[in-house]
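The structure presented is a predicted model; accordingly, all values stated were derived computationally and were not measured. Naming: A, B, ... by sequence-line order, numbering from 1 per chain.
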There are 2 protein chains.
Amino acid sequence: MVTMRDVAAEAGVSAMTVSNALTGRRPVSDATRRLVLETVERLGYQVNVAARSLRQGRTGVVGIAVPTLDSHYYSRLSHRLVLAFSRAGLATVVEETRASREGELAAFRDSRLNAYDGLVIAALGLNEPEIDALSREVPVVVLGEQELHRTVDHVSMPNVAGAEAATRLLLERGCRDLALVGFPTVDHLEEVSLPEGAAFALRARGFANVVGGAGVRARAAYAGVTQADGARCARDLLARGEVPDGIFCVTDTLAFGVVRALADHGVRVPDDVLVVGFDDVEDAQFHIPSLTSVAPDLDGLVDRTVDLLARRIATPAAEPQDVTVGYRLVERESTTRPR
Amino acid sequence: MVTMRDVAAEAGVSAMTVSNALTGRRPVSDATRRLVLETVERLGYQVNVAARSLRQGRTGVVGIAVPTLDSHYYSRLSHRLVLAFSRAGLATVVEETRASREGELAAFRDSRLNAYDGLVIAALGLNEPEIDALSREVPVVVLGEQELHRTVDHVSMPNVAGAEAATRLLLERGCRDLALVGFPTVDHLEEVSLPEGAAFALRARGFANVVGGAGVRARAAYAGVTQADGARCARDLLARGEVPDGIFCVTDTLAFGVVRALADHGVRVPDDVLVVGFDDVEDAQFHIPSLTSVAPDLDGLVDRTVDLLARRIATPAAEPQDVTVGYRLVERESTTRPR
DNA sequence: CTGAAAGCGCTTACAG
DNA sequence: CTGAAAGCGCTTACAG
């Protein structure tokens, strides 16, 4: 391997000067810089990042920890974060936590071990005190799955407000017999905790808030997070006898499964029942029927995340911020009554 | 930060002994090991990976470079690879190349710079000689987007055979007026190169192979890789006047866009036209109609990839292997004629 | 603008 | 089974 020392010897300068010519940290005369760069090119020199990291204590790498990459929502979110950090001059590493406590602890451990400069984590398994403690060891931004807390930078989704808007839309379209898919109950929400964390509970709360005073029927079904789980929820609702006339699903992924299972049982969307999802993943536009969904401001979420992490890295003691991004309700065929 | 030296001083042993107690590389007496581990625990010592890497020249990290994470196929593939490498005791880093030459060169560069022990790359932009040259700098396994070549380990999809099976199914179902979506032509395939690389061309070739002797009409449409691109292809076909009675799409993602755009123009699947995709992504089961698709043996692909990379890391001079995994054709509603 | 020396925190020979 | 010394390839003070 070609080292900085080789380049220095070949160019007849010191290793320091090579370093300075490459990093620009200290001024180097134009002639020397040209000589160094030409020698670097000719010898095919590549800086050794392990050595640089050891010396600097920084790596220029940010970790992104998400429950899984095999998800409509998280794959897109990861993609957007990678692009945004890339624009900010930071390389990114994506890790999967499998939505487990252990996986999330591992992400924090890896952040120290591999000397990530910072970590973005969609935390589902760890609770607030744990995150607060861990966040002292590495600059971190927590993504919107926890309730508000003020000891760590936090960018969250408009979970409650978005779910309220979705539920209101169902009422406005005339639904009087609602179902919530993705949470086990519409009452005593605070007593239930799910492997998927607080986001689902907050969306359920939004649903319950609107349903509460509306004098309509409401029930709930829960089976997990996948399309297959959504299908199971729909079958569960049908097995209980009555078909609701409006369904709010806490994610689009669940909604896809719900719509499919309803079709398998001869129940049509939107003819027999209206359906709204959450996340507005790209697929929502392409399904038949296309899916009405709550579209969180993903650009805002990503931009704020990059900003906050950069600030936290630069100023470890900065005052923690708590940001909730906006949303739009995008209406499509699944809530459009046929004429 | 607590260093190995701190632990050694506290435990009254040498740094070497701490290292040996931790790595197990050399035998340490039981009593000493217990003392060291207890001291490590008490001081909260964490090994510094940068220093270890610098010394060892290895990191235990494997890079995975895919065109994008925002894709039905690549997000699932990345997920599976992460799990498989995790089982093999290797951490993984996922990078996006944006399907560009530059992005792929960067993945190789990062592999050296960040001292990945190995790289898995779905290469689309680089050609064979470039990959062959780069593969001398880092252990690499190339994923199924290139034609066969024997200078680098290579795991490929059953592109030709799978596409042939899909096209044969359309003929068996009575189609006589076919369209290929995802490649610009059905003739002179070798003269066309796409940003998406050779996989699309090989699938087009499979289509052309079957159509060739069958005495049926065939045309092609190409716009890119996304669902929106698939929709554009369908609109393009419709704009040319005649509606085909069978469509083979080189990916499921394109097929979703095709089916949606056809529906927008009142053309029904499978009533008016049959559609087959490729990849068998999870969504294929949940769309309405559910999508018939070529299902490559993803488990086999992932397992072989992990095996080959592990072997290449252990034995850099090993004879390169070229593996093509199998497939199943999964029939669903999109090719089932209504009674 | 340029350089010689020291050291980041480990692990690899070399000894015993 | 254990240790003192050297060095992985850089960059940070300290000098000039």
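- One interatomic measurement links the two molecules: CZ of B:Arg5 to C1' of D:dA6, which rounds to 13 Å at whole-angstrom precision.
- Inspection of the A:Ser75 and A:Ser78 side chains reveals no N or O donor paired with an N or O acceptor under 3.5 Å.
- Taking every side-chain heavy atom of A:Tyr45 into account, D:dC10 is the closest of C:dT2, C:dG9, D:dC10.
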Point to revise | Base-pair map of DNA chain D as dot-bracket, where | denotes pairing with a different strand and pairs are Watson-Crick or G-U under 3.5 Å | key: |||.||||||||.|||
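- A:Leu81 approaches A:Thr305 most closely through the heavy-atom pair CD2-CG2, 4.0 Å.
- The stretch residues 31-42 of chain A does not touch DNA chain D, since none of its heavy atoms comes less than 4.0 Å from the strand.
- Here C:dC8 presents its C1' atom at 13 Å from CG of B:Asp6, a figure rounded to the nearest Å.
- Residues forming a side chain to side chain contact (heavy atoms under 4.5 Å, CB included) with B:Pro67 (at least two apart in sequence, or on another chain): B:Tyr74, B:Thr97, B:Ala99, B:Ala122, B:Leu124.
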Anything under 3.5 Å between a protein N or O and an N or O of nucleotides 11-14 of chain C, put it in a table, one pair a line.
| from | atom 1 | to | atom 2 | distance (Å) |
| --- | --- | --- | --- | --- |
| C:dT11 | OP1 | B:Arg52 | NE | 2.8 |
| C:dT11 | OP1 | B:Arg52 | NH2 | 3.2 |
| C:dT11 | OP2 | B:Ser19 | OG | 2.6 |
| C:dT11 | O2 | B:Arg55 | NE | 3.1 |
| C:dT12 | O4' | B:Arg55 | NH2 | 3.3 |
| C:dC14 | N4 | B:Arg26 | NH1 | 3.2 |

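- Listed for the B:Ser135 side chain is a donor-acceptor partner under 3.5 Å among the backbone atoms of B:Asp132.
- Here salt bridge (Lys or Arg N to Asp or Glu O under 4.0 Å) pairs that include residues 300-310 of chain A, with residues two or more places apart or in two chains, are A:Arg304-A:Asp307.
- Residues B:Glu95 and B:Ile64 have side chains not in contact (no heavy-atom distance under 4.5 Å, counting atoms from C-beta outward).
- A salt bridge is absent between B:Arg76 and A:Asp70: the closest approach of a Lys/Arg side-chain nitrogen to an acidic carboxylate oxygen does not fall below 4.0 angstrom.
- At D:dG3, one or more side-chain N or O atoms of B:Thr17 fall inside 4.0 Å of OP1 or OP2 (strictly under the cut-off).
- Within the structure, every pair that satisfies the side chain to side chain donor-acceptor pair (under 3.5 Å) test and touches residues 10-23 of chain A, not counting sequence neighbours, is listed here: A:Glu10-A:Arg42, A:Ser14-A:Thr17.
- Looking only at side-chain heavy atoms (C-beta outward), A:Tyr45 and A:Asp6 stay at 4.5 Å or farther from each other.
- Counting only distance, with no hydrogens or angles, the side chain of A:Thr68 and the backbone of A:Ser71 share no donor-acceptor pair below 3.5 Å.
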